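First the structure, in the form of structure tokens, and then the observations on it.
Keep in mind it's a predicted model, so treat the numbers as computed, not measured.
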Amino acid sequence: MGRRKSTAHKPAKTSARKPARNPSNDPPLSLSQLPLRKWFNSKEILKSYLDIFSKPPVLKPRYLSEGLLPEDKYEVFWKLVDQQSLRPLLFMKERYYPRMMRVVATSLWLADKLNDVGDGEFYLRFWIGGVTYTITLEELASLWGLPNDGVWFKGGHLQPKEYDHWSGKHSQSVLNVSYIGGGKYSVGEMSTDHRLLHYMLSYLWLPRKGNHGALTEEDVFIMRAMVEETELNWPYLLAYRLMHYASSSLEPSIGHGMLWTKIFEHFKFDLSDEEVIYVTEENAITSRSLNKMGRGTVVDRKGKKNKAAAENAPSQFDTSLDSQITPELMEMFAKKMHTVSIDWDKKMERVDKRLKVIESRIASQAEGFQSLEASMNTHFSRITQSGV
């Protein structure tokens with residue numbers, strides 16, 4: 001048997017182990033005091049920031065103007081909003097820091113080790129300025145003023161397994177929407193309150209770059225959950241959305257600036273020298289904003305309804321005037337948009353058919369040229385032989 005080496009003669013180590021750093025106990029971090037290369041823990045991540053994450057636009061945060069949607073007039077809308085506990089996000093007004101958002105997104109990482117009964121770990125983690133920062137789902141919920149309860153939905157087109165029975169056709173029937181292709185659904189026949197929910201979803205709760213006038217697969221699941229009063233875990237969904245901004249090559253933009261600010265403040269970052277943008281009235285969802293989507297009516301400058309002008313209002317609503325939402329105009333606009341969408345699809349079908357006809361003619365002409373070439377070759381070959 002081998003003998004174990006004795007260590008008695010070796011002197012004991014006198015150097016104490018370096019304690020782990022606790023970011024919450026550190027003094028405020030000021031990135032402006034660090035050279036850019038010190039922000040990241042490797043040259044690869046620095047290159048990723050310079051080549052990718054420093055360039056995407058930051059989506060403009062939005063909030064709902066107080067009193068715009070009276071609760072006695074839009075009872076269904078407010079009932080469904082409160083059932084999901086989303087009211088705090090409607091009126092959140094926080095400054096945001098575009099460069100900090102891009103820097104953190106560069107190294108952001110999400111760990112989801114939750115099981116079916118909620119045991120396990122879930123956290124967001126990022127590395128910056130020589131320190132690793134970790135924030136749990138419970139902390140995110142507290143920061144954002146949302147309950148850490150409800151169905152775990154990651155977003156995207158894959159819905160939770162326990163809701164596989166929510167078939168596409170049945171969801172379309174529940175929401176009164178129709179499939180228009182490309183993973184999109186028309187909102188033309190949706191009710192007023194449901195249209196308002198989708199507006200807030202696509203502009204405010206889960207903002208995105210691009211088309212806001214149609215439902216995605218993700219929208220359909222969320223909207224059905226809201227309409228059927230199935231509570232979603234919004235901190236969980238929003239955490240995945242932050243990760244989506246940091247990893248998506250299909251949607252090169254970064255959103256939820258005000259939620260990011262809550263995280264930065266939680267870790268006591270010194271942001272005094274950072275680029276900051278303040279949320280002002282320009283960020284508000286107002287009657288004028290909704291009027292651009294056809295939900296407005298014409299009123300006079302004193303805010304009173306101008307019946308004569310409303311009766312003679314053109315199809316393109318005058319967004320230069322103050323307005324208030326009316327279900328009638330909203331439904332009228334929705335139907336017009338639905339008709340436009342159908343007409344567009346039909347035109348595209350006709351274009352496809354014409355292109356196929358042209359391709360067929362080109363192929364036929366190519367065959368004709370090949371046949372002519374073969375005949376000419378044969379003819380010249382005979383002439384050559386007879387000359388010999």
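Leu271 is not listed as a side-chain neighbour of Val276, based on a closest heavy-atom distance of 4.5 Å or more. Side chains of Leu90 and Leu204 form a contact here, defined as non-hydrogen atoms less than 4.5 Å apart. Residues Val279 and Glu94 have side chains not in contact (no heavy-atom distance under 4.5 Å, counting atoms from C-beta outward). Annotation: side chain of Thr134 is not in contact with side chain of Phe126 (no heavy-atom distance under 4.5 Å). Side-chain contact between Glu218 and His157 is absent, with no heavy-atom pair separated by less than 4.5 Å. Put simply, the side chain of Leu237 does not reach to within 4.5 Å of the side chain of Lys154, judged on heavy atoms. Taking the side chain as every heavy atom from C-beta outward, Thr216 and Lys184 approach each other to under 4.5 Å. For the pair Met100/Ile128, a side-chain contact is recorded, criterion being any heavy-atom separation below 4.5 Å from C-beta on.
Residues that satisfy the salt bridge (charged side-chain N to carboxylate O under 4.0 Å, His left out) test with Asp72, not counting sequence neighbours, are absent from this structure. Qualifying side-chain contact (heavy atoms from CB on, under 4.5 Å) partners for Glu282, counting only residues two or more places apart in sequence or in other chains: Lys60, Thr280. Applying the side-chain contact (heavy atoms from CB on, under 4.5 Å) test to Ser54 and every residue at least two apart in sequence or in another chain returns Tyr49. By the side-chain contact (heavy atoms from CB on, under 4.5 Å) test, Asn41 pairs with Ile45, Trp127, sequence neighbours left out. A search for salt bridge (charged side-chain N to carboxylate O under 4.0 Å, His left out) contacts involving Glu71 returns Arg87, not counting sequence neighbours. Applying the side-chain hydrogen bond (donor to acceptor under 3.5 Å, both in side chains) rule to Glu121 yields no partners; only residues at least two apart in sequence or on another chain are considered.
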| task | Kindly indicate, with the supporting measurements, whether the criterion side chain to side chain contact (heavy atoms under 4.5 Å, CB included) is fulfilled by Arg62 and Tyr199. | result | CA-CA 11 Å; Arg62 309 295 295 274; Tyr199 185 90; 4.3 Å; yes
| said: One pair to check against side chain to side chain contact (heavy atoms under 4.5 Å, CB included): Leu215 and Met190. What are the steps and the verdict? | reply: CA-CA 11 Å; Leu215 275 76; Met190 289 177 68; 3.7 Å; yes
| field | Verdict with supporting geometry, Leu69 and Met200, side chain to side chain contact (heavy atoms under 4.5 Å, CB included) | value | CA-CA 12 Å; Leu69 301 175; Met200 302 305 165; 4.1 Å; yes
| field | Worked verdict on Ser186 versus Val177 for side chain to side chain contact (heavy atoms under 4.5 Å, CB included) | value | CA-CA 6 Å; Ser186 169; Val177 298; 5.9 Å; no
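Ring centroids of Tyr63 and Phe91 are separated by 6.0 Å or more, keeping the two rings apart. For Tyr245 and Phe53, the distance between ring centers is not under 6.0 angstrom. Aromatic pair Phe153/Tyr236: centroids not less than 6.0 angstrom apart.
Checked by atom type and distance alone, the side chain of Trp234 never pairs as donor or acceptor with a backbone atom of Asn148 at under 3.5 Å. Looking at Ser173, its side chain never comes within 3.5 Å of a backbone N or O of Lys169 through a donor-acceptor pair. Remark: the backbone N or O of Pro56 is paired with a side-chain donor or acceptor of Arg102 at under 3.5 angstrom. Side chain of Gln84 to main chain of Leu232: a donor-acceptor pair is present (N/O by atom type, distance under 3.5 Å, no hydrogens or angles). One N or O on the side chain of Asn283 and one on the backbone of Pro61 form a donor-acceptor pair closer than 3.5 Å. Looking at Trp144, its side chain never comes within 3.5 Å of a backbone N or O of Glu139 through a donor-acceptor pair. Using modelled atom types, one side-chain atom of Ser65 and one backbone atom of Ile285 make a donor-acceptor pair closer than 3.5 Å. Using modelled atom types, no side-chain atom of Ser48 and backbone atom of Glu44 make a donor-acceptor pair closer than 3.5 Å.
Residues Glu265 and Arg95 are paired through a salt bridge, judged by an N-O separation under 4.0 Å between the basic side chain and the carboxylate. Using a 4.0 Å cut-off between charged side-chain N and carboxylate O, Glu229 and Lys79 make a salt bridge. Residues Arg208 and Asp219 are paired through a salt bridge, judged by an N-O separation under 4.0 Å between the basic side chain and the carboxylate.
Between the side chains of Tyr123 and Asp112, not a single donor N or O lies within less than 3.5 Å of an accepting N or O. Asp149 and Asn233 are not linked by any side-chain donor-acceptor pair at a separation below 3.5 angstrom, with hydrogens and angles left out of the test. Trp166 and Gln159 form no side-chain donor-acceptor contact under 3.5 Å, judged by distance and modelled atom types alone. Side-chain atoms of Asp193 and Ser191 include no donor-acceptor pair closer than 3.5 Å.
Placement of Leu242 and Trp109 in two distinct hydrophobic clusters is found when ILVMFWY residues are connected by side-chain heavy-atom separations under 4.5 Å, directly or transitively. Cluster membership check: Leu158 does not share its hydrophobic cluster with Leu206, using side-chain heavy-atom separations under 4.5 Å among Ile, Leu, Val, Met, Phe, Trp and Tyr.
Using the six-membered ring where Trp is involved, Phe269 and Tyr133 have ring planes that are perpendicular, over 60° apart on the 30 and 60° scheme. Taking the six-membered ring for Trp and thresholds of 30 and 60 degrees, Tyr185 and Tyr179 have ring planes more than 60 degrees apart, a perpendicular arrangement.
Between the CZ atom in Phe264 and the OH atom in Tyr96 there is a gap of 13.0 Å [rounded to 0.5 Å]. Here the CG atom belonging to Asn176 is positioned 9.5 Å from the NE2 atom belonging to His194, to the nearest 0.5 angstrom. To the nearest 0.5 Å, atoms CH2 (Trp205) and CD1 (Ile222) are separated by 10.0 Å. To the nearest 0.5 Å, atoms NZ (Lys55) and CG (Leu50) are separated by 8.5 Å. With rounding to the nearest 0.5 angstrom, the CD1 atom of Ile263 is 6.0 Å from the CG atom of Leu124. Put simply, CG on Leu59 and NE2 on His256 are 9.0 Å apart, with the number rounded to the nearest 0.5 Å.
Between Ala214 and Val187, the shortest heavy-atom distance links the atoms CA-CG1, 4.3 Å. Scanning all heavy atoms of the two residues, the minimum distance from Pro160 to Val151 falls at CG-CG1, 3.9 Å. When all heavy atoms of Leu68 and Pro70 are compared, the pair lying nearest together is O-CD, 3.3 Å. Here the shortest heavy-atom pairing between Met226 and Leu197 reads CE-CD2, 3.7 Å. Taking each heavy atom of Gly145 and Pro88 in turn, the nearest pair found is O-CG, 3.7 Å. Summarising the geometry of Arg224 relative to Ser171, their closest heavy-atom pair is NH1-OG, 3.0 Å, with the distance given to 0.1 Å.
Remark: Glu162 CD is packed, more than 12 non-hydrogen atoms of other residues, nucleotides or ligands lying under 6.0 Å away.
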